[in-house]
There are 2 protein chains.
Amino acid sequence: MKSSSRTVQKEATRAAILQSALLVFSERGFDGSSTRDIAAHAGVHHALIKYHFGSKDTLWRAAVTFLFERQAAEMSFDMPPGKLDTRQQRRDYARLVLRHYVLYCARHPEHARLMMQESLRDSERLQWATDTFIAGIARGSERFVRMLQREGVLPDVSVPALVYIIVGAAQPFYTLAPEVRRVWGIDPAADSVIAAHIDALLAVLVR
Amino acid sequence: MKSSSRTVQKEATRAAILQSALLVFSERGFDGSSTRDIAAHAGVHHALIKYHFGSKDTLWRAAVTFLFERQAAEMSFDMPPGKLDTRQQRRDYARLVLRHYVLYCARHPEHARLMMQESLRDSERLQWATDTFIAGIARGSERFVRMLQREGVLPDVSVPALVYIIVGAAQPFYTLAPEVRRVWGIDPAADSVIAAHIDALLAVLVR
DNA sequence: ATTTTCATTATACATACGGCTAATGAAATT
DNA sequence: AATTTCATTAGCCGTATGTATAATGAAAAT
(Lines give C-alpha, C1' and ligand atoms only; values in the text may rest on other atoms or scores of the structure.)
Protein backbone atom coordinates (compact mmCIF):
# COMPACT_ATOMS: atom_id res chain seq x y z
CA MET A 1 0.00 0.00 0.00
CA LYS A 2 2.02 2.93 -1.30
CA SER A 3 1.13 6.32 0.06
CA SER A 4 3.78 8.56 -1.46
CA SER A 5 2.69 12.09 -2.19
CA ARG A 6 2.50 11.27 -5.86
CA THR A 7 0.24 8.23 -5.31
CA VAL A 8 -2.04 10.23 -3.04
CA GLN A 9 -2.37 12.97 -5.64
CA LYS A 10 -3.04 10.38 -8.32
CA GLU A 11 -5.91 8.87 -6.37
CA ALA A 12 -7.30 12.34 -5.64
CA THR A 13 -7.28 13.12 -9.35
CA ARG A 14 -8.96 9.82 -10.17
CA ALA A 15 -11.63 10.43 -7.55
CA ALA A 16 -12.22 13.98 -8.78
CA ILE A 17 -12.75 12.72 -12.31
CA LEU A 18 -15.13 10.01 -11.10
CA GLN A 19 -17.24 12.44 -9.07
CA SER A 20 -17.34 14.86 -11.98
CA ALA A 21 -18.37 12.01 -14.29
CA LEU A 22 -21.21 11.08 -11.93
CA LEU A 23 -22.56 14.61 -12.06
CA VAL A 24 -22.20 15.19 -15.79
CA PHE A 25 -23.35 11.73 -16.93
CA SER A 26 -26.37 11.89 -14.61
CA GLU A 27 -27.46 15.28 -15.93
CA ARG A 28 -26.71 14.92 -19.64
CA GLY A 29 -26.62 11.19 -20.36
CA PHE A 30 -23.77 9.32 -22.01
CA ASP A 31 -24.09 10.80 -25.50
CA GLY A 32 -24.75 14.30 -24.18
CA SER A 33 -21.69 14.29 -21.93
CA SER A 34 -18.23 15.17 -23.25
CA THR A 35 -15.02 13.94 -21.67
CA ARG A 36 -13.68 17.47 -21.99
CA ASP A 37 -16.58 18.81 -19.90
CA ILE A 38 -16.04 16.13 -17.28
CA ALA A 39 -12.31 16.89 -17.11
CA ALA A 40 -12.86 20.66 -16.98
CA HIS A 41 -15.38 20.26 -14.15
CA ALA A 42 -12.81 18.17 -12.26
CA GLY A 43 -10.15 20.80 -12.95
CA VAL A 44 -7.81 18.49 -14.86
CA HIS A 45 -6.63 18.01 -18.44
CA HIS A 46 -8.95 15.90 -20.57
CA ALA A 47 -6.15 13.48 -21.52
CA LEU A 48 -6.15 12.27 -17.91
CA ILE A 49 -9.44 10.49 -18.52
CA LYS A 50 -7.77 8.13 -20.95
CA TYR A 51 -4.83 7.74 -18.57
CA HIS A 52 -6.94 6.90 -15.50
CA PHE A 53 -9.96 5.18 -17.02
CA GLY A 54 -9.00 4.14 -20.56
CA SER A 55 -11.99 5.56 -22.42
CA LYS A 56 -15.29 7.39 -22.04
CA ASP A 57 -17.10 4.04 -21.98
CA THR A 58 -14.85 2.62 -19.26
CA LEU A 59 -15.26 5.80 -17.22
CA TRP A 60 -19.02 5.40 -17.44
CA ARG A 61 -18.77 1.82 -16.23
CA ALA A 62 -16.52 2.89 -13.35
CA ALA A 63 -19.06 5.52 -12.37
CA VAL A 64 -21.93 2.99 -12.42
CA THR A 65 -19.86 0.52 -10.40
CA PHE A 66 -19.20 3.22 -7.81
CA LEU A 67 -22.92 4.00 -7.58
CA PHE A 68 -24.06 0.42 -7.01
CA GLU A 69 -21.24 -0.38 -4.58
CA ARG A 70 -22.17 2.68 -2.55
CA GLN A 71 -25.82 1.66 -2.65
CA ALA A 72 -24.93 -1.82 -1.46
CA ALA A 73 -22.88 -0.31 1.36
CA GLU A 74 -25.60 2.12 2.45
CA MET A 75 -28.58 -0.20 1.91
CA SER A 76 -27.57 -3.47 3.57
CA PHE A 77 -31.00 -4.82 4.36
CA ASP A 78 -30.52 -8.39 3.24
CA MET A 79 -30.90 -9.53 6.85
CA PRO A 80 -33.68 -7.95 8.88
CA PRO A 81 -32.48 -6.42 12.15
CA GLY A 82 -34.74 -8.55 14.38
CA LYS A 83 -37.17 -11.42 14.02
CA LEU A 84 -40.11 -11.06 11.67
CA ASP A 85 -42.76 -13.25 13.21
CA THR A 86 -45.79 -11.01 13.52
CA ARG A 87 -47.52 -8.99 10.86
CA GLN A 88 -46.74 -5.81 12.75
CA GLN A 89 -43.03 -6.66 12.70
CA ARG A 90 -43.11 -7.14 8.95
CA ARG A 91 -44.97 -3.89 8.51
CA ASP A 92 -42.35 -2.11 10.59
CA TYR A 93 -39.61 -3.77 8.57
CA ALA A 94 -41.26 -2.65 5.33
CA ARG A 95 -41.49 0.92 6.65
CA LEU A 96 -37.84 0.82 7.71
CA VAL A 97 -36.60 -0.40 4.33
CA LEU A 98 -38.72 2.05 2.36
CA ARG A 99 -37.71 4.95 4.59
CA HIS A 100 -34.02 4.15 4.12
CA TYR A 101 -34.48 3.74 0.38
CA VAL A 102 -36.15 7.13 0.05
CA LEU A 103 -33.37 8.68 2.14
CA TYR A 104 -30.82 7.10 -0.19
CA CYS A 105 -32.64 8.52 -3.22
CA ALA A 106 -32.69 11.94 -1.58
CA ARG A 107 -29.01 11.79 -0.60
CA HIS A 108 -27.77 10.59 -3.98
CA PRO A 109 -30.20 11.66 -6.71
CA GLU A 110 -27.49 11.26 -9.35
CA HIS A 111 -27.74 7.46 -9.01
CA ALA A 112 -31.28 7.16 -10.29
CA ARG A 113 -30.69 10.03 -12.75
CA LEU A 114 -27.78 8.27 -14.40
CA MET A 115 -29.42 4.85 -14.57
CA MET A 116 -32.71 6.27 -15.79
CA GLN A 117 -31.00 7.92 -18.75
CA GLU A 118 -29.55 4.58 -19.75
CA SER A 119 -32.78 2.62 -19.28
CA LEU A 120 -34.73 4.72 -21.78
CA ARG A 121 -33.31 2.77 -24.72
CA ASP A 122 -31.65 -0.55 -25.15
CA SER A 123 -27.87 -0.57 -25.47
CA GLU A 124 -24.77 -2.55 -24.65
CA ARG A 125 -24.32 -0.36 -21.58
CA LEU A 126 -27.83 -1.14 -20.33
CA GLN A 127 -27.25 -4.84 -20.93
CA TRP A 128 -24.02 -4.69 -18.93
CA ALA A 129 -25.64 -2.76 -16.08
CA THR A 130 -28.63 -5.08 -15.85
CA ASP A 131 -26.51 -8.22 -15.97
CA THR A 132 -23.95 -6.90 -13.49
CA PHE A 133 -26.07 -5.05 -10.94
CA ILE A 134 -29.76 -4.52 -11.60
CA ALA A 135 -30.83 -8.14 -12.11
CA GLY A 136 -29.57 -9.09 -8.63
CA ILE A 137 -31.25 -6.10 -7.01
CA ALA A 138 -34.45 -6.95 -8.88
CA ARG A 139 -34.44 -10.47 -7.44
CA GLY A 140 -33.98 -9.04 -3.95
CA SER A 141 -36.84 -6.60 -4.54
CA GLU A 142 -39.00 -9.46 -5.77
CA ARG A 143 -38.38 -11.44 -2.55
CA PHE A 144 -39.10 -8.33 -0.47
CA VAL A 145 -42.37 -7.65 -2.28
CA ARG A 146 -43.52 -11.28 -2.16
CA MET A 147 -42.91 -11.44 1.59
CA LEU A 148 -45.03 -8.31 2.10
CA GLN A 149 -47.71 -9.73 -0.17
CA ARG A 150 -47.88 -12.95 1.87
CA GLU A 151 -48.35 -10.81 4.95
CA GLY A 152 -51.09 -8.72 3.37
CA VAL A 153 -49.00 -5.55 3.56
CA LEU A 154 -48.99 -5.21 -0.23
CA PRO A 155 -51.89 -6.22 -2.51
CA ASP A 156 -51.63 -9.49 -4.40
CA VAL A 157 -50.97 -8.03 -7.86
CA SER A 158 -48.24 -8.25 -10.51
CA VAL A 159 -44.85 -8.23 -8.79
CA PRO A 160 -42.87 -6.41 -11.53
CA ALA A 161 -45.59 -3.75 -11.69
CA LEU A 162 -45.48 -3.37 -7.91
CA VAL A 163 -41.70 -3.04 -7.91
CA TYR A 164 -41.79 -0.25 -10.47
CA ILE A 165 -44.67 1.44 -8.63
CA ILE A 166 -42.63 1.44 -5.41
CA VAL A 167 -39.41 2.59 -7.05
CA GLY A 168 -41.30 5.15 -9.12
CA ALA A 169 -43.00 6.47 -6.00
CA ALA A 170 -39.62 6.96 -4.34
CA GLN A 171 -37.24 8.23 -7.03
CA PRO A 172 -38.78 10.92 -9.27
CA PHE A 173 -39.39 13.38 -6.45
CA TYR A 174 -35.58 13.65 -6.17
CA THR A 175 -34.35 12.88 -9.68
CA LEU A 176 -36.72 15.55 -11.05
CA ALA A 177 -35.86 18.00 -8.28
CA PRO A 178 -35.26 20.93 -10.70
CA GLU A 179 -38.80 20.52 -12.02
CA VAL A 180 -40.23 20.17 -8.49
CA ARG A 181 -38.54 23.42 -7.47
CA ARG A 182 -39.87 25.34 -10.45
CA VAL A 183 -43.41 23.94 -10.45
CA TRP A 184 -44.14 23.59 -6.72
CA GLY A 185 -41.71 26.06 -5.19
CA ILE A 186 -40.37 23.51 -2.72
CA ASP A 187 -36.90 21.96 -2.46
CA PRO A 188 -36.80 18.13 -2.34
CA ALA A 189 -33.38 18.40 -0.72
CA ALA A 190 -34.82 19.97 2.43
CA ASP A 191 -35.18 17.64 5.41
CA SER A 192 -38.76 18.66 6.14
CA VAL A 193 -39.78 18.04 2.52
CA ILE A 194 -38.09 14.64 2.55
CA ALA A 195 -39.90 13.75 5.78
CA ALA A 196 -43.24 14.75 4.22
CA HIS A 197 -42.50 12.63 1.15
CA ILE A 198 -41.64 9.60 3.33
CA ASP A 199 -44.88 10.05 5.26
CA ALA A 200 -46.83 10.22 2.01
CA LEU A 201 -45.09 7.20 0.51
CA LEU A 202 -45.61 5.05 3.60
CA ALA A 203 -49.23 6.14 3.92
CA VAL A 204 -49.91 5.06 0.36
CA LEU A 205 -47.83 1.89 0.15
CA VAL A 206 -47.90 0.24 3.59
CA ARG A 207 -51.36 -0.68 4.74
CA MET B 1 -56.11 26.53 -47.07
CA LYS B 2 -53.76 25.59 -49.88
CA SER B 3 -53.51 21.91 -50.68
CA SER B 4 -51.33 21.89 -53.75
CA SER B 5 -49.09 18.87 -54.15
CA ARG B 6 -46.11 20.93 -53.02
CA THR B 7 -47.85 22.10 -49.85
CA VAL B 8 -48.94 18.58 -48.99
CA GLN B 9 -45.41 17.28 -49.42
CA LYS B 10 -44.07 20.13 -47.31
CA GLU B 11 -46.36 19.29 -44.43
CA ALA B 12 -45.48 15.61 -44.72
CA THR B 13 -41.80 16.47 -44.48
CA ARG B 14 -42.40 18.71 -41.50
CA ALA B 15 -44.41 16.00 -39.75
CA ALA B 16 -41.75 13.38 -40.47
CA ILE B 17 -39.06 15.58 -38.94
CA LEU B 18 -41.23 16.25 -35.88
CA GLN B 19 -41.92 12.56 -35.27
CA SER B 20 -38.27 11.72 -35.73
CA ALA B 21 -37.34 14.49 -33.29
CA LEU B 22 -39.75 13.06 -30.70
CA LEU B 23 -38.06 9.69 -30.91
CA VAL B 24 -34.45 10.87 -30.91
CA PHE B 25 -34.86 13.62 -28.30
CA SER B 26 -36.75 11.25 -25.99
CA GLU B 27 -34.07 8.57 -26.18
CA ARG B 28 -30.90 10.68 -26.17
CA GLY B 29 -31.87 14.02 -24.62
CA PHE B 30 -31.30 17.43 -26.17
CA ASP B 31 -27.50 17.50 -25.97
CA GLY B 32 -27.16 13.86 -27.01
CA SER B 33 -29.32 14.29 -30.11
CA SER B 34 -27.93 15.60 -33.38
CA THR B 35 -30.00 17.35 -36.00
CA ARG B 36 -28.30 15.22 -38.63
CA ASP B 37 -29.47 12.04 -36.86
CA ILE B 38 -33.00 13.38 -36.63
CA ALA B 39 -33.01 14.31 -40.32
CA ALA B 40 -31.51 10.97 -41.39
CA HIS B 41 -34.14 9.08 -39.37
CA ALA B 42 -36.83 11.12 -41.10
CA GLY B 43 -35.24 10.44 -44.48
CA VAL B 44 -34.61 14.08 -45.36
CA HIS B 45 -31.66 16.42 -45.75
CA HIS B 46 -30.50 17.94 -42.47
CA ALA B 47 -30.74 21.49 -43.82
CA LEU B 48 -34.52 21.05 -43.87
CA ILE B 49 -34.58 21.29 -40.08
CA LYS B 50 -33.45 24.89 -40.25
CA TYR B 51 -35.88 25.55 -43.07
CA HIS B 52 -38.93 24.08 -41.31
CA PHE B 53 -38.15 24.76 -37.64
CA GLY B 54 -35.43 27.42 -37.55
CA SER B 55 -33.02 25.74 -35.16
CA LYS B 56 -32.45 22.68 -33.00
CA ASP B 57 -33.86 24.55 -30.02
CA THR B 58 -37.00 25.58 -31.87
CA LEU B 59 -37.48 22.03 -33.12
CA TRP B 60 -37.29 20.80 -29.52
CA ARG B 61 -39.93 23.33 -28.47
CA ALA B 62 -42.17 22.28 -31.37
CA ALA B 63 -41.81 18.64 -30.29
CA VAL B 64 -42.72 19.47 -26.68
CA THR B 65 -45.68 21.54 -27.84
CA PHE B 66 -46.90 18.61 -29.93
CA LEU B 67 -46.62 16.28 -26.93
CA PHE B 68 -48.61 18.45 -24.53
CA GLU B 69 -51.27 19.32 -27.11
CA ARG B 70 -51.74 15.64 -27.82
CA GLN B 71 -51.94 14.92 -24.11
CA ALA B 72 -54.54 17.64 -23.68
CA ALA B 73 -56.53 16.16 -26.56
CA GLU B 74 -56.35 12.58 -25.28
CA MET B 75 -56.75 13.38 -21.58
CA SER B 76 -59.68 15.78 -21.40
CA PHE B 77 -60.85 15.03 -17.88
CA ASP B 78 -61.41 18.55 -16.68
CA MET B 79 -65.11 17.88 -16.47
CA PRO B 80 -66.18 14.57 -14.90
CA PRO B 81 -68.52 12.55 -17.12
CA GLY B 82 -71.33 12.39 -14.55
CA LYS B 83 -72.17 13.79 -11.16
CA LEU B 84 -69.75 13.18 -8.31
CA ASP B 85 -71.99 13.17 -5.26
CA THR B 86 -71.20 9.93 -3.47
CA ARG B 87 -67.83 8.65 -2.30
CA GLN B 88 -68.16 5.66 -4.62
CA GLN B 89 -68.66 7.96 -7.60
CA ARG B 90 -65.49 9.86 -6.76
CA ARG B 91 -63.60 6.59 -6.33
CA ASP B 92 -64.80 5.44 -9.73
CA TYR B 93 -63.82 8.78 -11.23
CA ALA B 94 -60.34 8.48 -9.69
CA ARG B 95 -59.99 4.97 -11.13
CA LEU B 96 -61.13 6.19 -14.54
CA VAL B 97 -58.68 9.09 -14.64
CA LEU B 98 -55.77 7.00 -13.41
CA ARG B 99 -56.55 4.21 -15.85
CA HIS B 100 -56.63 6.62 -18.77
CA TYR B 101 -53.40 8.28 -17.63
CA VAL B 102 -51.60 4.94 -17.44
CA LEU B 103 -52.91 4.05 -20.89
CA TYR B 104 -51.61 7.37 -22.20
CA CYS B 105 -48.18 6.66 -20.67
CA ALA B 106 -48.19 3.21 -22.27
CA ARG B 107 -49.28 4.54 -25.66
CA HIS B 108 -46.82 7.42 -25.79
CA PRO B 109 -43.80 6.60 -23.61
CA GLU B 110 -41.72 9.16 -25.49
CA HIS B 111 -43.64 11.98 -23.79
CA ALA B 112 -42.46 11.19 -20.27
CA ARG B 113 -39.04 10.14 -21.61
CA LEU B 114 -38.44 13.49 -23.26
CA MET B 115 -39.67 15.60 -20.37
CA MET B 116 -37.85 13.51 -17.78
CA GLN B 117 -34.54 14.12 -19.55
CA GLU B 118 -35.13 17.85 -19.35
CA SER B 119 -36.27 17.85 -15.72
CA LEU B 120 -33.03 16.32 -14.42
CA ARG B 121 -31.29 19.69 -14.46
CA ASP B 122 -32.38 23.27 -14.54
CA SER B 123 -32.23 25.03 -17.89
CA GLU B 124 -33.94 27.63 -20.01
CA ARG B 125 -35.79 24.82 -21.78
CA LEU B 126 -37.12 23.44 -18.50
CA GLN B 127 -38.19 26.91 -17.42
CA TRP B 128 -40.05 27.39 -20.70
CA ALA B 129 -41.73 23.98 -20.45
CA THR B 130 -42.82 24.47 -16.84
CA ASP B 131 -44.14 27.98 -17.46
CA THR B 132 -45.92 27.02 -20.68
CA PHE B 133 -47.35 23.58 -19.91
CA ILE B 134 -46.36 21.83 -16.69
CA ALA B 135 -47.43 24.48 -14.18
CA GLY B 136 -51.00 24.38 -15.45
CA ILE B 137 -51.13 20.59 -15.40
CA ALA B 138 -49.70 20.65 -11.89
CA ARG B 139 -52.49 22.90 -10.71
CA GLY B 140 -55.04 20.54 -12.22
CA SER B 141 -53.34 17.59 -10.55
CA GLU B 142 -53.39 19.45 -7.25
CA ARG B 143 -57.15 20.01 -7.50
CA PHE B 144 -57.67 16.36 -8.44
CA VAL B 145 -55.62 15.13 -5.48
CA ARG B 146 -57.24 17.50 -2.98
CA MET B 147 -60.70 16.37 -4.05
CA LEU B 148 -59.74 12.74 -3.50
CA GLN B 149 -58.20 13.65 -0.15
CA ARG B 150 -61.41 15.35 1.01
CA GLU B 151 -63.27 12.18 0.09
CA GLY B 152 -60.84 9.91 1.95
CA VAL B 153 -59.72 8.19 -1.26
CA LEU B 154 -56.16 9.46 -0.82
CA PRO B 155 -54.42 9.95 2.56
CA ASP B 156 -54.13 13.48 3.93
CA VAL B 157 -50.41 13.98 3.27
CA SER B 158 -48.21 16.40 1.31
CA VAL B 159 -49.90 17.16 -2.02
CA PRO B 160 -46.72 17.65 -4.12
CA ALA B 161 -45.32 14.40 -2.72
CA LEU B 162 -48.58 12.60 -3.56
CA VAL B 163 -48.58 13.97 -7.11
CA TYR B 164 -45.06 12.71 -7.76
CA ILE B 165 -45.88 9.37 -6.13
CA ILE B 166 -48.86 8.94 -8.46
CA VAL B 167 -47.01 10.07 -11.57
CA GLY B 168 -43.96 8.03 -10.58
CA ALA B 169 -46.13 4.97 -10.08
CA ALA B 170 -47.57 5.37 -13.58
CA GLN B 171 -44.70 6.47 -15.83
CA PRO B 172 -41.44 4.53 -15.19
CA PHE B 173 -42.90 1.14 -16.07
CA TYR B 174 -43.20 2.45 -19.66
CA THR B 175 -40.43 5.01 -19.91
CA LEU B 176 -37.96 2.41 -18.65
CA ALA B 177 -39.43 -0.33 -20.84
CA PRO B 178 -36.00 -1.47 -22.19
CA GLU B 179 -34.84 -2.12 -18.62
CA VAL B 180 -38.11 -3.88 -17.73
CA ARG B 181 -37.70 -6.18 -20.72
CA ARG B 182 -34.14 -7.10 -19.84
CA VAL B 183 -34.60 -7.49 -16.09
CA TRP B 184 -38.07 -9.03 -15.86
CA GLY B 185 -38.49 -10.62 -19.26
CA ILE B 186 -41.87 -8.95 -19.83
CA ASP B 187 -42.92 -6.33 -22.37
CA PRO B 188 -44.67 -3.24 -20.93
CA ALA B 189 -46.15 -2.62 -24.39
CA ALA B 190 -48.25 -5.81 -24.20
CA ASP B 191 -51.91 -5.30 -23.39
CA SER B 192 -51.98 -7.95 -20.68
CA VAL B 193 -48.96 -6.42 -18.96
CA ILE B 194 -50.53 -2.96 -19.10
CA ALA B 195 -53.75 -4.34 -17.61
CA ALA B 196 -51.77 -5.95 -14.77
CA HIS B 197 -49.97 -2.67 -14.12
CA ILE B 198 -53.24 -0.75 -14.00
CA ASP B 199 -54.68 -3.29 -11.55
CA ALA B 200 -51.60 -2.96 -9.36
CA LEU B 201 -51.62 0.83 -9.47
CA LEU B 202 -55.30 1.11 -8.60
CA ALA B 203 -55.00 -1.47 -5.84
CA VAL B 204 -52.22 0.55 -4.25
CA LEU B 205 -53.47 4.09 -4.80
CA VAL B 206 -57.26 4.02 -4.60
CA ARG B 207 -58.56 2.82 -1.29
C1' DA C 1 -44.39 29.42 -73.11
C1' DT C 2 -42.05 32.11 -69.80
C1' DT C 3 -41.26 33.56 -65.38
C1' DT C 4 -41.58 33.15 -60.50
C1' DT C 5 -41.88 30.69 -56.29
C1' DC C 6 -40.01 27.83 -52.91
C1' DA C 7 -39.11 23.10 -50.99
C1' DT C 8 -35.10 20.71 -51.20
C1' DT C 9 -30.17 19.81 -51.77
C1' DA C 10 -25.17 20.78 -51.89
C1' DT C 11 -21.66 22.75 -49.71
C1' DA C 12 -18.92 25.52 -46.48
C1' DC C 13 -17.47 26.98 -41.99
C1' DA C 14 -16.03 27.29 -37.28
C1' DT C 15 -16.27 24.70 -33.37
C1' DA C 16 -16.38 20.50 -30.50
C1' DC C 17 -15.72 15.76 -29.99
C1' DG C 18 -13.02 11.06 -28.56
C1' DG C 19 -8.77 9.19 -28.90
C1' DC C 20 -3.91 9.23 -29.44
C1' DT C 21 1.38 10.41 -29.16
C1' DA C 22 4.95 13.09 -27.61
C1' DA C 23 6.76 16.29 -24.34
C1' DT C 24 7.27 17.86 -19.55
C1' DG C 25 8.83 18.08 -15.00
C1' DA C 26 8.60 16.97 -10.29
C1' DA C 27 8.85 13.13 -7.22
C1' DA C 28 11.03 8.71 -6.32
C1' DT C 29 14.90 5.82 -6.77
C1' DT C 30 19.57 4.77 -7.44
C1' DA D 1 24.10 14.10 -7.49
C1' DA D 2 22.48 11.49 -11.31
C1' DT D 3 18.99 8.74 -13.12
C1' DT D 4 14.55 6.78 -13.58
C1' DT D 5 9.62 6.78 -13.02
C1' DC D 6 5.23 8.38 -14.17
C1' DA D 7 1.31 11.68 -13.39
C1' DT D 8 0.22 15.40 -16.04
C1' DT D 9 0.05 18.50 -20.02
C1' DA D 10 0.39 20.08 -24.96
C1' DG D 11 -1.04 19.33 -29.20
C1' DC D 12 -2.59 16.73 -33.31
C1' DC D 13 -5.97 13.73 -36.04
C1' DG D 14 -10.17 12.44 -38.24
C1' DT D 15 -14.80 13.00 -37.53
C1' DA D 16 -19.18 15.10 -36.09
C1' DT D 17 -21.72 18.98 -34.81
C1' DG D 18 -25.08 23.38 -35.50
C1' DT D 19 -25.72 26.81 -38.54
C1' DA D 20 -25.42 29.50 -42.62
C1' DT D 21 -25.48 30.45 -47.74
C1' DA D 22 -25.76 29.33 -52.47
C1' DA D 23 -27.45 26.23 -55.98
C1' DT D 24 -31.15 23.31 -57.94
C1' DG D 25 -35.25 22.10 -60.16
C1' DA D 26 -39.97 21.04 -60.29
C1' DA D 27 -44.43 22.95 -59.34
C1' DA D 28 -47.21 27.20 -59.58
C1' DA D 29 -48.32 31.51 -61.50
C1' DT D 30 -48.21 34.62 -65.19
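Just so it is clear, the model here is predicted, and its values are computed rather than measured.
- Checked for salt-bridge contact, B:Glu118 and B:Arg61 miss the test: no charged N lies under 4.0 Å from a carboxylate O.
- With sequence neighbours excluded, no residue satisfies ring-ring contact (aromatic ring centres under 6.0 Å, His included) with B:Phe53.
- A side-chain donor-acceptor contact under 3.5 Å links A:Tyr164 and B:Glu179.
- Atoms NZ (B:Lys50) and P (D:dA20) sit 4 Å apart, rounded to a whole Å.
- In this structure, the side chain of A:Ser119 does not engage the main chain of B:Leu176 through any donor-acceptor pair within 3.5 Å.
- Counting non-hydrogen atoms under 4.0 angstrom, B:Lys56 reaches the backbone sugars and phosphates but no base.
- Between the CD atom of B:Gln9 and the C1' atom of D:dA27 there is a distance of 12 Å, rounded to whole Å.
- A:Arg14 meets the side chain to side chain donor-acceptor pair (under 3.5 Å) test with no other residue; sequence neighbours excluded.
- Regarding contacts with the backbone of C:dT8, a side-chain N or O of B:Thr13 is found under 4.0 angstrom from either OP1 or OP2.
- Between B:Thr35 and D:dG18 there is a side-chain N or O to OP1 or OP2 distance below 4.0 Å.
- Between C:dT9, D:dC6, D:dT19, one nucleotide has an atom nearer to the side chain of A:Arg6 than all others, and that is D:dC6.
- For the pair B:His52 NE2 and D:dT19 P, the interatomic distance rounds to 16 Å; values are reported in whole Å.
- Atom pair B:Phe25:CZ and D:dG18:C1' shows a separation of 12 Å (rounding to whole Å applied).
- Going from atom CZ of B:Phe53 over to atom P of D:dA20 covers 17 Å, rounded to whole Å.
- Atom CZ in A:Arg36 sits about 11 Å away from atom C1' in D:dC13, given to the nearest Å.
- At distances below 3.5 Å, at least one donor-acceptor pair connects side-chain atoms of A:Thr130 with backbone N or O atoms of A:Gln127.
- Of the candidate nucleotides C:dT9, D:dT8, D:dT19, C:dT9 has the atom lying nearest to any side-chain atom of B:Leu48.
- If you measure from atom CZ of B:Arg28 to atom P of D:dA16, you get 13 Å, rounded to the nearest angstrom.
- Listed by residue number, B:His45, B:His46, B:Ala47 are the residues of residues 39-47 of chain B with a heavy-atom contact under 4.0 Å to DNA chain C.
- Under the 6.0 Å cut-off for aromatic ring centres, A:His108 and A:Tyr104 qualify, their centroids lying closer than that.
- Between A:Ser4 and the phosphate of C:dA27, there is no side-chain N or O to OP1/OP2 separation shorter than 4.0 Å.
- Atom P of nucleotide D:dG18 and atom CD1 of B:Ile49 are separated by 8 Å, given to the nearest angstrom.
- Looking at the side chain of A:Ser5, the nearest of the listed nucleotides C:dA28, C:dG19, D:dA28 is C:dA28.
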